[in-house]
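First the proteins, then the strands, lettered A, B, ... as listed; each starts at 1. Note that this is a predicted model, so its numbers are computed, not measured.
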There are 2 protein chains.
Amino acid sequence: MTWHGENPRSPRDEGADLLLLDQQICFSLNAASRAFGGVYRTALKDLGLTYPQYLVMLVLWEDGAVPVKQLGERLRLDSGTLSPLLKRLEAAGLVTRARCPEDERSVIVAATAAGRELREGALAVPRRILAAAGLPLDDLRALRELLTRVTANLDAAGA
Amino acid sequence: MTWHGENPRSPRDEGADLLLLDQQICFSLNAASRAFGGVYRTALKDLGLTYPQYLVMLVLWEDGAVPVKQLGERLRLDSGTLSPLLKRLEAAGLVTRARCPEDERSVIVAATAAGRELREGALAVPRRILAAAGLPLDDLRALRELLTRVTANLDAAGA
DNA sequence: CACAATTCAATTGCGCACAACTCAATCGGC
DNA sequence: GCCGATTGAGTTGTGCGCAATTGAATTGTG
């Protein structure tokens with residue numbers, strides 16, 4: 001045996017095995033992310049939220065008022081994404097944006113009364129998502145663990 | 001013991017464990033996907049490809065000429081995404097698009113000579129990505145396995 | 001105090017993702 | 001052969017994601 005994998009290839013294609021594995025990992029990650037997106041889209045439709053907007057609301061429900069900067073750190077998003085998103089949430093009457101008096105550079109985001117009321121309807125969403133995912137809790141925990149580690153590694157490598 | 005988890009909560013917050021897990025899973029999935037995207041962005045910069053364009057080229061390198069429809073099934077993308085993407089690849093001189101003679105509705109996509117030459121440079125990419133991911137092969141396989149299963153479940157639930 | 005460097009939000013430009021729609025080609029039943 | 005239904009690409013509109021830039025507020029240093 002000149003080859004050592006289960007997928008024998010010509011010498012000219014050395015590395016093609018890795019290329020395949022790579023494709024499967026990254027592609028399946030992408031596909032999974034979009035598949036979750038699809039389920040969230042329908043689950044959040046009644047609330048009038050997109051998934052990133054839902055994430056923002058989750059932070060606001062948990063933390064109260066937070067500056068845009070902090071929101072970005074929590075969600076791994078920059079102002080280029082958050083500014084228009086927050087503008088839309090503001091237009092929908094769900095959040096307020098106000099310059100911080102102590103530091104006029106930063107903008108404080110907070111949920112309005114309507115935004116806080118939305119939490120009620122949002123409580124049903126996660127159970128629906130978990131049911132759709134259809135994996136046992138242990139697997140989901142393992143998945144989360146792996147994802148967290150790989151993200152940390154990738155961010156470190158990219159820095 | 002009234003509770004059964006490691007994270008006891010008040011009765012009003014029943015299910016909050018699940019809720020939190022859901023948030024962590026979906027968020028970390030999203031974050032991981034974007035973290036991979038960032039590493040790919042830099043790795044593919046020299047080739048002048050984006051990550052979705054790279055996925056398309058992978059299919060073409062592997063399969064030769066394929067109709068747009070088939071491309072969409074493989075990559076889980078629809079014509080609304082593929083049409084402009086393929087247009088850009090065509091403008092870059094990497095692929096050709098031609099109506100299928102047997103069925104004038106479908107369009108056959110194939111790599112040009114320049115597109116095929118790009119494969120040479122692309123062979124170095126996966127190793128770089130895997131290194132950045134920094135997980136042992138077994139973990140990556142486990143990750144891929146979980147992602148594939150969860151995507152299949154989500155797609156089935158969404159249908 | 002003055003002034004250069006830094007920080008934070010917003011904006012611009014480009015590409016992806018998806019829903020909704022259009023339109024031509026094809027297929028099916030009759 | 002004819003006509004309605006279906007199929008495959010493409011287009012439009014909206015929103016996310018990110019790089020690069022702008023501009024105002026703040027901080028640090030001489």
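Closest to the B/K87 side chain, of the nucleotides D/dT11, D/dG8, C/dT11, is D/dT11. Among D/dA9, D/dG15, D/dA19, the nucleotide with an atom closest to any side-chain atom of A/Q53 is D/dG15. You'll find that the side chain of B/S79 is closest to D/dT11, out of C/dA17, D/dT11, C/dA9. The listed nucleotides are C/dT11, D/dA9, C/dC8; the one nearest the side chain of B/K69 is D/dA9.
Going from atom CG of B/L82 over to atom P of C/dG15 covers 16 Å, rounded to whole Å. To the nearest angstrom, C1' of C/dA10 lies 15 Å from CG of A/L71. Between the CG atom of B/L85 and the P atom of C/dC14 there is a distance of 16 Å, given to the nearest Å. Look at CD1 on A/I108: it is 11 Å from P on C/dA10, rounded to the nearest Å.
For A/R97 and A/E90, the salt-bridge test passes: some basic side-chain N is under 4.0 Å from an acidic carboxylate O.
At C/dA10, one or more side-chain N or O atoms of A/S83 fall inside 4.0 Å of OP1 or OP2 (strictly under the cut-off). In this model, the phosphate group of D/dG10 is approached by a side-chain N or O of B/R97 to a distance below 4.0 Å at OP1 or OP2.
At a threshold of 4.0 angstrom between heavy atoms, the contacts of B/P67 are confined to the sugar-phosphate backbone, with no base atom among them. Nucleic acid contact class of A/L77 (heavy atoms, under 4.0 Å, all strands): sugar-phosphate only.
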Considering only nitrogen or oxygen atoms on both sides, find all protein atoms under 3.5 Å from nucleotides 22-29 of chain C and state each distance.
unit_1	atom_1	unit_2	atom_2	d
C/dT26	OP1	B/E104	N	3.1

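Residues B/Y40 and B/L135 share a single hydrophobic cluster, defined by chaining ILVMFWY side chains whose heavy atoms lie under 4.5 Å apart.
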Could you give the side-chain donor-acceptor pairs of residues 57-64 of chain A under 3.5 Å, partners two or more places apart or in another chain?
unit_1	atom_1	unit_2	atom_2	d
A/W61	NE1	A/G115	O	3.0
A/D63	OD1	A/R74	NH2	2.8
A/D63	OD2	A/R74	NH2	2.3

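Annotation: proximity of residues 36-51 of chain B to DNA chain C (heavy atom, distance under 4.0 Å) is found for B/T50, numbered in ascending order.
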